[in-house]
Amino acid sequence: GPFQRGIDVPFYWHVPRSGGGTVNDILGSCLHLTLAADAGGSEGESGVEMLKVLHFAHEVNYVNVDTSTLKGIQRAQDLNLVP
């Protein structure tokens with residue numbers, strides 16, 4: 001069925017050179033979803049004990065977790081990023 005905001009959690013494994021950047025653009029810019037990806041760890045937020053939305057210069061927003069590493073995935077779980 002159609003995407004249900006607040007219920008469905010889009011997940012994909014980004015394989016380099018396979019269009020993952022385009023998927024990020026569609027999820028962030030077109031569907032206005034906040035993403036969890038390696039960009040979320042770029043602000044040095046690993047010591048922050050709560051989820052925070054990071055607003056970068058482009059239209060895509062990220063939460064302050066780096067889901068490209070095991071440590072970042074554990075942190076996302078600890079912060080209850082996904083129910």
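The first residue of the sequence shown is numbered 1, and numbering continues consecutively from there. Note that the coordinates shown come from a computational prediction; the quantities given were computed from them, not determined experimentally.
Taking OG1 of T34 as the reference point, atom NE2 of H55 lies at 7.5 Å (rounded to 0.5 Å).
No continuous path of ILVMFWY side-chain contacts below 4.5 Å connects V53 to L35, so the two sit in separate hydrophobic clusters. Hydrophobic clustering (ILVMFWY, side-chain heavy atoms < 4.5 Å, transitive): V63 and L79 are in one cluster. Residue L31 is grouped with residue L54 when hydrophobic side chains (ILVMFWY) are merged at heavy-atom distances under 4.5 angstrom, including chains of intermediate members. Transitive grouping of hydrophobic side chains (ILVMFWY, heavy atoms separated by less than 4.5 Å) brings L33 and Y62 into a common cluster.
Heavy-atom minimum distance, E59 versus S29: CB-OG, 3.8 Å. Nearest heavy-atom pair across M50 and R75 is O-NH2, 4.4 Å. The minimum heavy-atom distance linking P2 with D8 is given by the pair O-OD2, 3.7 Å.
For Q77, there are no side-chain hydrogen bond (donor to acceptor under 3.5 Å, both in side chains) partners two or more places apart in sequence or in a different chain. For S68, the side-chain hydrogen bond (donor to acceptor under 3.5 Å, both in side chains) criterion is met by D66, not counting sequence neighbours.
With contacts defined as side-chain heavy-atom distances shorter than 4.5 Å, the pair D78/Q74 qualifies.
The closest donor-acceptor contact from the side chain of T67 to the backbone of A36 lies under 3.5 Å.
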For this session: Tell me, with the steps shown, if N64 and L51 meet side chain to side chain contact (heavy atoms under 4.5 Å, CB included).
Result: CA-CA 6 Å; N64 59 330; L51 287 174; 4.0 Å; yes
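Among pairs with a residue in residues 18-28, those fulfilling side-chain hydrogen bond (donor to acceptor under 3.5 Å, both in side chains) read Y12-N24, at least two apart in sequence or across chains.
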